[in-house]
Undergrad: 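Would you mind keeping the following structure in view while I ask a few things?
Order of the sequence lines sets the chain letters (A, B, ...), proteins ahead of strands, with each chain counted from 1.
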Amino acid sequence: MSKISLRLFIAGRTSRSERAIANLRRICEQELEDYQCELVVIDVLADPQQAEIEKILATPTLIKDEPLPRRRVIGDLSNIADVLTALNLPPYIEGDLVR
Amino acid sequence: MTLEQEPSYIEKLLTGIPGFDHISNGGLPKGRTTLISGTAGSAKTVFAAQFLASGIVHSNEAGVFITFEESPADLRRNMRGFGWDIERWEKESKWVFVDASPQFNNDEAIVIGEYDLGALLARVEHAIKSVNAKRVSMDSLGAVLTRLTDTVTVRNELFRIVSALKRMGVTAVLTGERTQEYGEIARYGVEEFVADDVVILRNLLEEEKRRRTVEILKFRGTSHQKGSFPFTVIPRQGIVVIPLSAIELEQRSSNVRISSGSTELDRMCGGGFFRDSIVLVSGATGTGKTLMSTTFMASGALRNERSLLFAFEESRDQLFRNAIGWGIDFEQMEREGKLRVVCKYPEVASLEDQLISMKDEIDEFQPQRVAIDSLSALERVSTIKGFREFVIGITSFIKHQEVAGLYTSTTPTLLGGSSITEGHISTITDSIILLRYVELYGEMRRGLTVLKMRGSAHDKDIREFSIDGSGMHIGKPFRNISGILSGQFMQVFPSEIERISDLFREDDDKSVSG
């Protein structure tokens, strides 16, 4: 079973970042419940170095590190279907054709 | 921010960009963001980088460079030619990059829902704090706006960044693209509202020649010079603005006379040239202009003065051979450090570059005499406007150094005539000497006259002069010929001359010579 690893960059606890976190939680809990989902939230105000390393401009930014390929989504993730398409999730698994 | 916190006057920060601090009346408004707008290739990035570089070099102020377009690696490499060792400055914590350039390893992020540029702001603030930066450059806005297409969001976020910079007390420049040289200030129409101050860089194509100009469009609440000024981008220096308005008519003028190198000419000029004056020698090809500049140089060497000759028409060898032919040893003068000859093809550089390098030469050699042979050769590599600016620029510089200058100018026609050069510079020169061919009884002779001699009486005759192995010799006035200056010669009989003299005798007595 493949692991899904996500990082969400936010800039402070704004309503927009709260919205993004809530949307992402819902995705993990409802859409990706069959998978092992690892979610890390990084506040760039507290840890700007992380934003520097990943060259993040906009917040919220979601990075999917695993499974490869890496993907990025900017915004408060308001449309869950779009987010899943953009991230190419859930991952395609051989033998698991029916879903 | 309350009103009381604003200082009552707007402080400025010296940029250290040569000439720019002059046209901006002391630099960029301190603690604010200035938009640098220009078309592609108008040296915006150079300006942004130089703003930081000269801060480091001249005032030991650290800077943050936010790049949206070129990668830091590209910038480090591209700016090296200007003598800016960014890599070293980075190690010394004087220069920090905030890399917001497009990344190759991740495909363009997809936008879903609302966003802000909070991460960028956090990175910028972090970078500023980490080196205690006083200057920030952002290059360029257009690159952000093409990637993040939500103009309203981007504008709001830029406001946020700019006000954060203000809060942190840093002075910033922000570059923005324009699509055309004249028209909208910037492409997206949002940039100019973000910045209090706007500077426009232009890269104009005039008569197939490129000309760069810089114009300060607005400085909210503070003064600056109006209009556009030429500038150039040169290796090892970067942007150099040529501040024509720096020309102040406050050069000291002395009554000290210096020799032109010819006793007869000195006498015609009422005792020689003034020490800090500009003399224009105009004549057709072969009338003796190069000889005039050569003797002018030689006469300096005789009095232990240093002379600098800019030659744009003849090669070094040619000049030296000519001088030998007139009994002047340029080679020895150079050996003794009394002369420097700079030979250049006018075509090798733009006039702006030429002006900068000539200034550098004068600064370095510190001559008492400068000659340019010929000014009109430079005319062909520039537009009329560019040429005029060049002449004004070099003249004011020479006058400021309080040295004597001699320019030669070639007239396009062999007989009579005038050149564009004269039209442009006759009013800024202090003296004008005309050399003309005179056709007399089927023979070509040379005539010389002092047309103007500011602040002194002078000989008004048109005198014959000849050139031989020992230089130039000025002889008697042409008495029985008129129309020399126009080239329409008329033989005049002695009786006629006498009659005309009688006619004006009364007036002559009353008039004061001068």
Undergrad: Looking at chain B, which one of A/I10, A/V73, A/D82 has the largest number of heavy-atom pairs inside 4.5 Å, strictly under?
TA: A/V73
Undergrad: Please determine whether a side-chain nitrogen of the Lys or Arg among A/R7 and A/D65 lies less than 4.0 Å from a carboxylate oxygen of the Asp or Glu.
TA: yes
Undergrad: Where does B/V124 contact chain A at under 4.5 Å (heavy atoms): side chain, backbone, both or neither?
TA: neither
Undergrad: Taking atom types as modelled and ignoring hydrogens, do the side chains of A/Q49 and B/H126 form a donor-acceptor contact shorter than 3.5 angstrom?
TA: yes
Undergrad: Taking the side chain as C-beta and beyond, is there a heavy-atom pair between B/E125 and B/S130 under 4.5 Å?
TA: no
Undergrad: Counting heavy-atom pairs closer than 4.5 Å to chain B, which one of A/P60, A/A58, A/A20 comes out on top?
TA: A/A58
Undergrad: Using salt bridge (charged side-chain N to carboxylate O under 4.0 Å, His left out), reason through B/K134 and B/E61 one step at a time and then give a plain yes or no.
TA: CA-CA 6 Å; B/K134 294 280 173 283; B/E61 291 174 333; over 6 Å; no
